[in-house]
Amino acid sequence: MVCIFVSRDTFPEVLYRKLSEVGLVKAYNFGKPAWLTVGIPKEELKRAAAECDAMVVFVGDIVDSEVLSHAKNLKIISTVSVGYDHIDVAEAKRRGIVVTNTPEVLVDATADLAIGLLLALARRIVEGDRLIREGRAYDVWGALMGSDIKGKRAGIVGLGNLGTAIAKRLLAFGAEVVYWSRTRKPQVEFALGIKYLPLDELLATSDFVIVSIALTPETRHLMSWEKFSKMKRGAYFINVARGAVVDTEALVRALREGILAGAALDVYEEEPLPHAHELTKFPNVVLTPHIGSAAVETRAKMAEVAAENVVRFFRGQRPLYVVE
Ligand code: NAP
């Protein structure tokens, strides 16, 4: 009987139902709300790697070479996410283990959140909410002046599915959209009317910088102090990709030195972001707890795709999305 380990028992029900078609599902029970922690204990992952044929994991479940060294019969790792930086894909490949993910179905929800964060920053929505809850006096004319989006330049760092979806939304707001990406995308430039710029030029001229690039060894700390110091003074910075694309200390320095008018983040180098972290001290910083794809319908689709990847694999078909 095929053994399928699932790293939590709180995924949408469809995931367990589908997986049961091809094997015996063993779901890990956190024993406390999963959102109080990120990822399951390494010992559990090692045990799963040793005992099971398939593992279904989520962001924060670190499947590194140490975990994989315990793999005996493991054949497939299916992550319920598009990002797979929590999995040592090279080591998995070396061992003949297939890695699958769930791109596309989460793009719109995450792009929506990016726009939500951008609007929250530009129009100081969270500060306004705080002001009212704290019962502070304000003058309706002059309080919490923000920035237009129309006519401003928005620079997208990493034009994959997510970056493209963010670009489309920003164009609808009347922003001028520019991008930098590893691979230039002439078709997208042509179709959307957006412009490619070298990264430094994008940073120096954009009023909003939105990071939507995958985390890889090449992009780790891409946003270093050297990059932040080149940004246009008074720009807004948004990261919905992965925390480690940004050097957090450099970001804090850019905020402290007034290079940035504000920052909005959904992802952090360390998750959950430690309580009372330096970033929480800035009124002009908006923080969300990695909720890019956290919409009921989107998560259900992700769960279905992650399960379908495994089901296809054990039926001898190619999974929907294999990480190459
Ligand atoms: P995607 O379509 O696969 O795009 C990946 C992007 O990363 C592309 O821009 C690609 O550049 C770039 N990239 C990949 N490897 C690179 C490398 N070695 N060096 C430089 N650039 C590299 O994925 P997506 O749907 O756009 O998502 C992008 C990332 O957003 C995901 O990897 C994930 O970490 C993150 N994400 C976060 C949330 C959330 O909850 N906050 C939700 C969804 C996604 P080129 O195409 O130009 O080569």
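In this chain, numbering begins with 1 at the start of the sequence shown. Whatever order the structure lists them in is the order used to number ligands and atoms, beginning at 1.
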J.: Is it true that V82 lies under 4.0 Å from ligand 1, counting heavy atoms only?
T.: yes
J.: Please report the closest heavy-atom contact between D88 and S65, naming both atoms and the distance.
T.: OD2-CB, 3.8 Å
J.: Considering R242, E218, E104 one by one, which has a heavy atom nearer to atom 34 (O) of ligand 1 than any of the others?
T.: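 When every heavy atom of R242, E218, E104 is considered, R242 comes closest to atom 34 (O) of ligand 1.
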J.: Are more than 12 heavy atoms from other residues, nucleotides or ligands located less than 6.0 Å from atom NZ of K185?
T.: yes
J.: For atom 37 (C) of ligand 1, grab the closest protein heavy atom and report residue, atom and distance to one decimal in Å.
T.: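 Going by distance alone, atom 37 (C) of ligand 1 is nearest to V240 O, 3.1 Å.
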J.: Write out the residue and atom name of the closest protein heavy atom to atom 28 (C) of ligand 1, then the distance separating them to 0.1 Å.
T.: S212 O, 3.6 Å
J.: Is the distance between the ring centroids of F237 and F228 under 6.0 Å?
T.: yes
J.: Counting only nitrogen or oxygen atoms and a 3.5 angstrom limit, does T183 reach ligand 1?
T.: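 The answer is yes, given that T183 and ligand 1 share an N or O pair closer than 3.5 Å.
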J.: Please determine whether side chain to side chain contact (heavy atoms under 4.5 Å, CB included) holds for the pair Y236 and N284, giving the CA-CA distance in whole Å, both sets of side-chain angles, and the decisive distance to 0.1 Å.
T.: CA-CA 10 Å; Y236 295 94; N284 54 341; over 6 Å; no
J.: Does the protein come close to atom 18 (N) of ligand 1 - that is, does one of its heavy atoms sit below 4.0 Å from that atom?
T.: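 Flag for atom 18 (N) of ligand 1 set to true, protein heavy atom closer than 4.0 Å.
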J.: Is the contact between T219 and ligand 1 made by the side chain, the backbone, both, or neither, using heavy atoms and a 4.0 Å cut-off?
T.: side chain
J.: Give the atom numbers and elements of ligand 1 that come within less than 4.0 Å of a heavy atom of S293.
T.: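 Answer, ordered by atom number: 40 (O).
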J.: Checking the N or O distance criterion of under 3.5 Å, is ligand 1 in contact with V267?
T.: no
J.: Look at atom 12 (C) of ligand 1 and say which protein heavy atom is nearest, naming residue and atom and giving the distance to 0.1 Å.
T.: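 Atom 12 (C) of ligand 1 sits closest to the protein heavy atom I213 CG1, 3.6 Å.
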J.: For atom 6 (C) of ligand 1, which protein heavy atom lies nearest, and how many Å away is it?
T.: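 Its nearest protein heavy-atom neighbour is A214 N, 3.8 Å.
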J.: Would you check the N or O atoms of G83, main chain and side chain alike, for any that come under 3.5 Å of an N or O of ligand 1?
T.: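 Such a contact does not occur with ligand 1.
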J.: Answer with side chain, backbone, both or neither: which part of R182 has a heavy atom less than 4.0 angstrom from an atom of ligand 1?
T.: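 R182 to ligand 1: contacts from backbone and side chain alike.
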J.: What protein heavy atom is closest to atom 46 (O) of ligand 1, reported as residue, atom name and distance in Å?
T.: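 The protein heavy atom lying closest is K185 NZ, 2.7 Å.
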J.: To which protein heavy atom is atom 2 (O) of ligand 1 closest, and what is the distance rounded to 0.1 Å?
T.: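 Protein heavy atom at minimum distance: N161 N, 2.9 Å.
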J.: Give the residue and atom name of whichever protein heavy atom lies nearest to atom 11 (O) of ligand 1, and the separation in Å to one decimal.
T.: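 The answer is S181 OG, 3.6 Å.
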J.: Any idea which protein heavy atom is nearest atom 27 (O) of ligand 1, and the distance to it?
T.: L162 CB, 3.8 Å
J.: With heavy atoms only and a cut-off of under 4.0 Å, state how T164 meets ligand 1: side chain, backbone, both or neither.
T.: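 None of T164 does.
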J.: Compute the minimum heavy-atom distance from P103 to ligand 1 and say whether it is under 4.0 Å.
T.: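 No, P103 has no heavy atom closer than 4.0 Å to ligand 1.
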J.: Quick check: does any side chain N or O of Y138 sit under 3.5 Å from a backbone N or O of G135, one acting as donor and the other as acceptor?
T.: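 No: the side chain of Y138 does not pair with the backbone of G135.
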J.: Is there a donor-acceptor pair closer than 3.5 Å between any side-chain N or O of T288 and the backbone N or O of H290?
T.: no
J.: Could you tell me, atom by atom, which parts of ligand 1 come under 4.0 Å of a heavy atom of G160?
T.: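 Listed by number with element, the hits are 2 (O), 4 (O), 8 (C), 9 (O), 26 (O).
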